[in-house]
Visitor: 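Okay, here's the structure, questions in a sec.
All of these numbers come straight from a predicted model, not from anything done at the bench.
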Amino acid sequence: MEIELLFINYIDHLYRIALFMLSDVQDAEDAVQETYVRLLLKKPRLRDEEHGKAWLIRVCINICKNQIRFRSRHPQCSILETDIMEFDFGEQEVLREISQLPMKLKSAIILYAIEGYSVKEISEILNISEAAVKKRLQRSREKLSIQLGGSE
């Protein structure tokens with residue numbers, strides 16, 4: 001499969017991941033563009049489409065992490081000041097709380113709950129064990145439950 005076609009097939013997927021991780025439309029667009037640039041520059045040898053998809057997701061997540069690190073060192077405005085217009089009020093609250101989670105927990109919960117990946121797929125994408133994925137999901141749910149005022 002050509003790398004340009006691979007990217008085109010998963011551009012919306014990458015954008016959603018970046019948007020949920022960064023909670024900013026422009027930063028998400030930048031992350032997706034940077035993912036494409038790295039794909040073109042690195043020209044990785046991809047075994048099949050699934051391997052290519054995992055490579056794109058991993059690169060996109062790493063770019064998002066770098067942007068979040070940059071933001072923490074160079075603060076601008078609070079995430080709470082931004083609006084996520086595509087969702088109703090209840091969903092916005094949940095997404096804001098997800099955006100407040102630590103990066104390890106946020107990556108796992110986004111891939112599982114929002115993108116619909118299985119625990120096995122997430123472990124392959126994040127290069128961690130399935131047990132680690134399950135633990136991160138459990139901790140994410142616990143923190144979200146506490147933050148949203150629900151009972152466990």
Visitor: Does L101 reach the side chain of E97, with side-chain heavy atoms less than 4.5 Å apart?
Guide: no
Visitor: Would you compute the distance between atom CD1 of I3 and atom CG of L56 and round it to the nearest 0.5 angstrom?
Guide: 9.5 Å
Visitor: Counting only heavy atoms not in K104, do more than 12 fall under 6.0 Å of its NZ?
Guide: no
Visitor: Taking side chain to side chain contact (heavy atoms under 4.5 Å, CB included) as the definition, give me every residue that meets it alongside I68, ordered by chain and number, with sequence neighbours left out.
Guide: L22, M103, K106
Visitor: Begin with the C-alpha distance, continue with both residues' side-chain angles, and end with the deciding distance and a verdict on side-chain contact (heavy atoms from CB on, under 4.5 Å) for I57 and Y10.
Guide: CA-CA 9 Å; I57 291 170; Y10 294 106; over 6 Å; no
Visitor: Please table the atom pairs, donor to acceptor, closer than 3.5 Å between any side-chain atom in residues 27-41 and protein atoms at least two apart or in another chain.
Guide:
from, atom 1, to, atom 2, distance (Å)
D27, OD2, R71, NE, 3.4
D27, OD2, R71, NH2, 2.9
E34, OE2, R38, NE, 3.1
T35, OG1, A31, O, 2.8

Visitor: Provide the closest heavy-atom pair for G52 versus L6 in the form atom of the first, atom of the second, distance.
Guide: CA-CD2, 3.6 Å
Visitor: Side chains of N62 and K65, heavy atoms from C-beta outward: is any pair under 4.5 Å?
Guide: yes
Visitor: Checking side-chain contact (heavy atoms from CB on, under 4.5 Å) for the pair R141/L144: CA distance, chi angles, key distance, verdict?
Guide: CA-CA 5 Å; R141 290 183 192 112; L144 288 172; 5.8 Å; no
Visitor: How long is the span from the CG atom in L14 to the SG atom in C60, to the nearest 0.5 Å?
Guide: 5.0 Å
Visitor: May I ask you to decide if R136's main-chain N or O and S140's side chain share a donor-acceptor pair within less than 3.5 Å?
Guide: yes
Visitor: Would you be so kind as to tabulate the donor-acceptor pairs closer than 3.5 Å made by side chains of residues 108-127, with sequence neighbours excluded?
Guide:
from, atom 1, to, atom 2, distance (Å)
E115, OE1, H13, ND1, 3.1
E115, OE1, R16, NH2, 3.1
E115, OE2, R16, NE, 3.2
Y117, OH, H13, NE2, 2.5
S118, OG, E121, N, 3.1
S118, OG, E121, OE1, 3.4
E121, OE1, S118, N, 2.8
S123, OG, K120, O, 2.7

Visitor: Is there a side-chain contact between L19 and Y15 in this structure, where contact means two heavy atoms from C-beta onward sitting under 4.5 Å apart?
Guide: yes
